[in-house]
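By convention in this document, chain letters (A, B, ...) are assigned in the order of the sequence lines, proteins followed by strands, and residues within each chain are numbered from 1. Since the structure is predicted, the reported quantities are computational estimates derived from the model, not experimental observations. Heavy atoms only: backbone and side chains are in, while hydrogens, waters and symmetry mates are out.
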Number of protein chains: 2
Amino acid sequence: MTARPSGKLKPRKRPVQARSLATIEAIFEATIQVLLHGGARALTTNRIAERAGVSVGTLYQYFPAKEALLYALVSRHLDKAGQAVEQACQAHSGASLSDCADTFVDAYIDAKAGDVAVSRALYHASTELDMQDLGAAMIARLHQAVRGLLEHVQGERFEPLDSIVFSWVAVVTGGTRVLFEEDGTAERLPAFRAQLKLISRAYLDSIRTIETKASSTPTGECQSNV
Amino acid sequence: MTARPSGKLKPRKRPVQARSLATIEAIFEATIQVLLHGGARALTTNRIAERAGVSVGTLYQYFPAKEALLYALVSRHLDKAGQAVEQACQAHSGASLSDCADTFVDAYIDAKAGDVAVSRALYHASTELDMQDLGAAMIARLHQAVRGLLEHVQGERFEPLDSIVFSWVAVVTGGTRVLFEEDGTAERLPAFRAQLKLISRAYLDSIRTIETKASSTPTGECQSNV
DNA sequence: CAAATATATGAGCAAATGCTCAGAATTTTT
DNA sequence: AAAAATTCTGAGCATTTGCTCATATATTTG
């Protein structure tokens, strides 16, 4: 289900001894540090290696290209967040509508808020490269989790489900990103989280239709999407 | 009110003859073309000049650095969008709540949807540089326009206004950006627009309080923000 | 211990990039 | 038409970047 890197993005060598694992970890950590300290422009393989306390050659023994390193790092980060959201959604399956709304909002924000600076840095770094597949995989994952959440709300039905899921996820993830790019993220976060829950609850509440009744499409404009 | 570039971001020379103005326009256009064709990685000053049909020297006569060129281009683009939204908001001042919701959603999406590819390209290019001031100025502009819109809804009051404005703007702009990064933006756009209106209407409707009555804060968590 | 395997080193190459500058070409002014 | 002002040219410099490879060190295996 996870996007598998191809060509130059695939890791070069798998570590077998303990020290090499530690080296890779150091490289990952150094990458984040360089990114945080100097931004995407300062992110050179030589600098990363220096900061990690290894030589460039070592870096290139595990990653065939700078892109591959970033790819692995972003992949890792997204995977953690995706897993957290999936878990939360499954744990709250069958909950009430407003609980569902809160569940997704909290899960997503918490997953990203763990380290705002890292999230921001990795995002900026990722836009340079062509890793749309990673972003797409993440979104697909969120879609599936949220879809499951909405499908199991007792006695309610949402149509058109695809469109609703897409829009809700877009609004929550996109809105959070805007917050994270802003200065003063931390201070704004609590209020934003509360408002995002209000938004989600109000939205889902306004478009829900009671089950087993004839469902009249709430909007005339949209029907379905591929 | 507009952010003024300082240091290396300030244009170098002002055009006085007609041909130089055309040259600058060609450089702008070429920048967009190169960006669209090869992405941020391929955006070099030599390539831009070549595509524009001028020499690099000419480019550097008007822009002291590559950054300055991009800064001017993004500034221009954001300004156009900001102006469009401001105008729409002012034109619909005093409208009903759901009209207000639709107004902002339509104005913002239309401003960005004019040329999806350009929006996307410029956004990606801008993340590399440090032009947070431009983004901040744009957001501040949107905030003010939306605040004016909500303040003039007859007989309704929104509190805490700052928090509501921030969240609504974040959700609309962020959600739209997610859509624009996705594949198949065009096909998804109509459905998303409709859902975004539903989201906005449901949200604003759920938090409105009748004027001249004692306003009870709808959420306990959030009060105000600096 | 020795052979085999795994890991680490870092000087330096090839390519690319941002940008300059001395002067040519064009337009405007006198 | 000459002088002045403006605009344009593009070869090439200084620097940076991603990355390699011959060699050295460390760890495991037989």
Side-chain angles (χ1 to χ4, degrees), chain A residues 5 7-31 34-35 37-73 125 128-131, chain B residues 5 7-31 34-35 37-73 125 128-131:
Chain A
K8 289 178 63 176
L9 296 182
K10 183 175 47 187
R12 178 171 273 172
K13 180 194 271 186
R14 301 213 129 200
V16 291
Q17 299 180 4
R19 64 175 168 152
S20 61
L21 245 165
T23 299
I24 291 183
E25 204 55 41
I27 291 174
F28 276 146
E29 182 59 29
T31 305
V34 171
L35 220 36
H37 193 263
R41 290 302 272 264
L43 193 75
T44 70
T45 47
N46 286 298
R47 240 186 292 271
I48 292 171
E50 187 189 23
R51 182 122 195 175
V54 301
S55 81
V56 241
T58 299
L59 191 157
Y60 279 96
Q61 203 144 30
Y62 299 102
F63 304 98
K66 183 187 162 192
E67 291 193 349
L69 167 58
L70 271 174
Y71 192 94
L73 195 56
E128 286 193 67
L129 274 28
D130 52 343
M131 23 216 294
Chain B
K8 289 179 63 177
L9 295 183
K10 183 174 50 190
R12 178 171 272 172
K13 180 193 272 187
R14 304 213 127 199
V16 291
Q17 298 179 5
R19 63 173 170 154
S20 62
L21 245 166
T23 299
I24 291 184
E25 205 54 42
I27 291 174
F28 276 146
E29 183 58 30
T31 305
V34 171
L35 220 35
H37 193 263
R41 291 300 273 264
L43 194 75
T44 71
T45 47
N46 287 299
R47 238 185 293 271
I48 292 171
E50 187 188 23
R51 183 121 195 175
V54 302
S55 81
V56 241
T58 300
L59 191 157
Y60 280 96
Q61 205 144 28
Y62 299 102
F63 305 98
K66 183 187 161 191
E67 291 193 348
L69 167 58
L70 270 174
Y71 191 95
L73 194 57
E128 285 194 67
L129 274 28
D130 51 344
M131 19 215 294

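- Across all non-hydrogen atoms, the minimal contact from B:Ile27 to B:Thr31 is O-OG1, 2.7 Å.
- The interatomic distance linking B:Ile24 (CD1) with D:dT6 (C1') rounds to 13 Å, in whole Å.
- Under 4.0 angstrom from either OP1 or OP2 of C:dT9 there lies at least one side-chain N or O belonging to A:Thr58.
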Item checked: From CA spacing to verdict: side-chain contact (heavy atoms from CB on, under 4.5 Å), B:Leu43, B:Leu70 -> CA-CA 10 Å; B:Leu43 194 75; B:Leu70 270 174; 3.8 Å; yes

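- If you measure from atom CG of A:Leu59 to atom P of D:dC21, you get 16 Å, rounded to the nearest angstrom.
- Across all their heavy atoms, A:Tyr71 and A:Met131 have their closest contact at CA-CE, 3.8 Å.
- Side-chain proximity of B:Thr45 to D:dT27, C:dC19, D:dC19: nearest is C:dC19.
- Closest contact between the side chain of B:Thr44 and the listed nucleotides C:dG18, D:dT9, D:dT20 involves C:dG18.
- A straight line from CZ of A:Phe63 to P of D:dT17 spans 20 Å, rounded to a whole angstrom.
- OP1 or OP2 of C:dA8 has not a single side-chain nitrogen or oxygen of A:Ser55 nearer than 4.0 Å.
- In this model, the phosphate group of C:dA6 is not approached by any side-chain N or O of A:Ser20 to a distance below 4.0 Å at OP1 or OP2.
- Following rounding to the nearest Å, A:Arg19 (CZ) and D:dA26 (P) show an atom-to-atom distance of 8 Å.
- For A:Ala49 against A:Val56, the heavy-atom pair with the smallest separation is CB-N, 3.7 Å.
- OP1 or OP2 of D:dC8 sits under 4.0 Å from a side-chain N or O of B:Thr23.
- For A:Tyr62 and A:Phe28, the gap between ring centers reaches or exceeds 6.0 Å.
- Between the CZ atom of B:Arg41 and the C1' atom of D:dT17 there is a distance of 10 Å, rounded to whole Å.
- Where B:Glu67 and B:Gln61 meet DNA chain C, the nucleotide closest to each residue was compared, and B:Glu67 sits on the side nearer the 5' end.
- Residue contacts shown for A:Tyr62 are limited to sugar-phosphate atoms, with no base heavy atom under 4.0 Å away.
- The side chain of A:Arg47 places no N or O atom within less than 4.0 Å of a non-bridging phosphate oxygen (OP1 or OP2) of D:dT16.
- If you check every strand for non-hydrogen atoms under 4.0 Å, B:Leu43 touches sugar and phosphate atoms only.
- At whole-Å resolution of the value, CD1 in A:Ile48 and P in D:dT17 are 11 Å apart.
- Regarding contacts with the backbone of C:dT20, every side-chain N or O of B:Tyr60 stays at 4.0 angstrom or more from both OP1 and OP2.
- When all heavy atoms are compared, the tightest approach of A:Ala42 to A:Arg47 is O-NE, 2.7 Å.
- Closest contact between the side chain of A:Gln17 and the listed nucleotides D:dT28, C:dT9, C:dT20 involves D:dT28.
- Residue B:Leu69 contributes atom CG, which lies 13 Å from atom C1' of C:dG18 at whole-angstrom precision.
- Separating the CG atom of A:Asn46 from the C1' atom of C:dT9 is a distance of 13 Å, rounded to the nearest angstrom.
- No contact: B:Ala49 has no heavy atom under 4.0 Å from any strand.
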